[in-house]
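As structure tokens, the structure follows; a few thoughts come after it.
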2 protein chains.
Amino acid sequence: MAGRGRPRAFDRDEALRKALGVFWERGYQATSMSDLTAAMGINSPSIYAAYGSKEKLFKEAVTLYTATEGRYTRRALDEQSTAREAVTVMLQENAAAYADPATPAGCLTVLAAPIPVRENSSVAVHLARMRAEVRDLIRQRVDRGIKDGDVRPDADAPAIALFYSAVLNGLSIQSRDGVALPGLQQTVAGAMAAWDALAAPSASVAEPTGGTFGEPEG
Amino acid sequence: MAGRGRPRAFDRDEALRKALGVFWERGYQATSMSDLTAAMGINSPSIYAAYGSKEKLFKEAVTLYTATEGRYTRRALDEQSTAREAVTVMLQENAAAYADPATPAGCLTVLAAPIPVRENSSVAVHLARMRAEVRDLIRQRVDRGIKDGDVRPDADAPAIALFYSAVLNGLSIQSRDGVALPGLQQTVAGAMAAWDALAAPSASVAEPTGGTFGEPEG
DNA sequence: ATGTTTCTGTGCCGCCTGACACATAAATAA
DNA sequence: TTATTTATGTGTCAGGCGGCACAGAAACAT
């Protein structure tokens with residue numbers, strides 16, 4: 001569907017990627033229109049014509065972010081064969097992404113607008129919803145582990161999801177604080193050290209339910 | 001030591017508390033001078049005369065914050081008799097503080113300026129230093145536990161501190177996301193479920209010694 | 001009383017913000 | 001060609017920002 005009028009002189013997706021980079025590095029409020037025009041290589045009227053507003057541009061950037069960076073999270077949770085491995089790989093891959101020097105440290109959805117205030121509440125609420133979705137994905141994966149038998153049947157899936165999503169969010173702060181990949185991996189290892197006590201089906205930790213299932217070994 | 005000139009017409013400490021409340025609720029950048037003048041009940045020249053600048057006012061507010069809200073953290077780490085109880089109580093009390101409806105949700109040092117950018121880098125770096133101090137306090141407490149014998153001698157104190165400070169920071173995000181106290185307590189319980197694997201002396205892991213320990217339960 | 005010091009309120013500064021009007025340029029459609 | 005549509009760059013808008021000059025007010029010392 002070639003346009004009728006004068007064709008756009010810039011690549012819309014490419015410019016969106018540039019905008020994402022700025023938002024990721026500086027956050028939403030601290031990113032000014034001139035930051036965006038400088039990074040995207042176009043003037044502000046072109047931004048408004050192509051994306052609508054700073055806020056809509058940001059939300060498009062978030063969508064791009066979840067579709068690219070968030071892919072690893074969803075894939076790890078979907079494809080690993082046990083809940084334990086799923087959560088482990090999910091945390092490890094996010095840690096690796098947060099520490100990747102090719103991109104800003106930490107997660108856009110955690111850092112770009114943590115506090116909803118007048119000027120950005122729509123954006124901040126949007127990001128909070130993204131975080132809630134990740135939390136729910138973890139809960140779903142634990143529930144699936146219960147069905148599959150690799151998680152104790154009476155495990156508290158919402159509580160486990162709450163815990164691991166808190167760790168995930170904490171990793172973003174930690175990464176921005178300059179902690180490099182080995183440190184993030186230690187945090188992940190610490191979080192996974194809780195797994196047996198929280199979710200392992202073996203009776204060796206707390207409950208005297210008797211039967212020994214498979215030992216999760218990773 | 002009564003002043004020589006015209007006495008100040010407002011209570012400096014009281015106004016600082018009001019400023020802290022605004023910074024805590026809105027963050028540093030999103031708090032404007034007019035937000036401050038409205039909350040503190042004074043005009044901006046009085047703020048500049050009494051505190052120097054918005055940035056210096058914020059740093060004074062942070063100092064007040066760490067002296068008051070941070071007191072519980074230091075006290076828990078100092079006074080509990082084992083490292084495990086120290087970390088447990090520290091997390092629990094912070095969770096309770098984050099969920100306290102009388103104050104803004106979460107921790108000022110985590111939420112007020114998570115990203116250092118041009119306009120606020122001094123402030124953000126200051127907060128990062130506060131976070132690093134808390135992390136180091138945890139590490140020191142684990143080291144003391146090693147000396148006291150309630151933590152395994154070969155435990156990795158820096159890694160343990162990294163993990164628990166990540167959880168602590170994650171609690172702030174979670175609290176701002178609307179998770180209430182029971183949810184935060186579940187996160188804390190999840191984190192403490194890792195303790196034995198990370199730090200318990202080998203004897204108490206192998207043998208179920210029959211609960212002379214305090215059960216971390218909220 | 002007079003001078004000195006300090007705080008207060010009014011008013012304003014230059015700067016930057018997000019947003020857009022406008023005329024022009026460049027494509028297609030007739 | 002001419003008309004229509006769409007994108008572009010220039011320029012600018014009203015408003016808010018942090019910060020402060022200034023003059024007056026209120027305490028002190030002498």
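Just so it is clear, the model here is predicted, and its values are computed rather than measured. Naming convention: chains lettered A, B, ... in sequence-line order (proteins, then strands); numbering from 1 in each chain. What's counted below: heavy atoms across the whole structure, side chains too, no hydrogens, waters or symmetry copies.
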Scan nucleotides 2-4 of chain C against the protein and return all N/O pairs shorter than 3.5 Å with their distances rounded to 0.1 Å.
none

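- For the segment residues 36-47 of chain A, residues with any heavy atom less than 4.0 angstrom from an atom of DNA chain C are, sorted by number, S44(A), P45(A).
- For Y48(A), the ring-ring contact (aromatic ring centres under 6.0 Å, His included) criterion is met by no residue, not counting sequence neighbours.
- Counting distance only, with no hydrogens placed and no angle test, the side-chain atoms of R6(B) and the base atoms of dA25(D) include a donor-acceptor pair under 3.5 Å.
- DNA chain D lies under 4.0 Å from no heavy atom of any residue of residues 13-24 of chain B.
- S121(A) places no side-chain N or O within 3.5 Å of a backbone atom of P116(A) that could act as its donor or acceptor partner.
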(Q) Using ring-ring contact (aromatic ring centres under 6.0 Å, His included), reason through Y164(B) and W195(B) one step at a time and then give a plain yes or no. (A) CA-CA 10 Å; Y164(B) 283 103; W195(B) 185 269; 5.8 Å; yes
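- Applying the side-chain hydrogen bond (donor to acceptor under 3.5 Å, both in side chains) criterion to R131(A), with sequence neighbours excluded, gives D177(B).
- No side-chain donor from either of T31(A) and K54(A) sits under 3.5 Å from a side-chain acceptor of the other.
- T73(B) and N94(B) form a side-chain donor-acceptor contact under 3.5 Å, judged by distance and modelled atom types alone.
- Residues passing the side-chain contact (heavy atoms from CB on, under 4.5 Å) test with L137(B) are R74(B), L77(B), Q140(B), sequence neighbours excluded.
- Pairs engaging residues 107-125 of chain B under the salt bridge (charged side-chain N to carboxylate O under 4.0 Å, His left out) rule: R26(A)-E119(B), D35(A)-R118(B) [sequence neighbours left out].
- No engagement by A49(A) is indicated, since no non-hydrogen atom pair under 4.0 Å with the nucleic acid exists.
- In summary, the side chains of T88(B) and E85(B) do not present any donor paired with an acceptor at a separation below 3.5 Å, with no hydrogens or angles considered.
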Run the side-chain donor-acceptor check on residues 12-22 of chain B: report pairs under 3.5 Å with partners two or more places apart or on a different chain.
residue, atom, partner, partner atom, Å
R12(B), NH1, E60(B), OE1, 3.0
R12(B), NH2, A50(B), O, 2.8
R12(B), NH2, E60(B), OE2, 2.8
E14(B), OE1, R17(B), NH2, 3.2

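- Contacts classified as ring-ring contact (aromatic ring centres under 6.0 Å, His included) and involving residues 62-94 of chain A (residues at least two apart or in different chains) are given here: W24(A)-Y65(A).
- Residues Q174(B) and S165(A) are in side-chain contact: their nearest non-hydrogen atoms beyond the backbone lie under 4.5 Å apart.
- Counting non-hydrogen atoms of other residues, nucleotides and ligands closer than 6.0 Å to CD of Q186(B) gives a total above 12.
- Axis angle between the ends of the helix from dA1(C)-dT30(D) to dA30(C)-dT1(D), five pairs each and rounded to 10 degrees, works out to 10°.
- R139(A) meets the side-chain hydrogen bond (donor to acceptor under 3.5 Å, both in side chains) test with D136(A), D143(A); sequence neighbours excluded.
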Would you tabulate the nitrogen or oxygen pairs shorter than 3.5 Å linking the protein to nucleotides 12-17 of chain C?
residue, atom, partner, partner atom, Å
dT17(C), OP1, S32(A), OG, 3.2

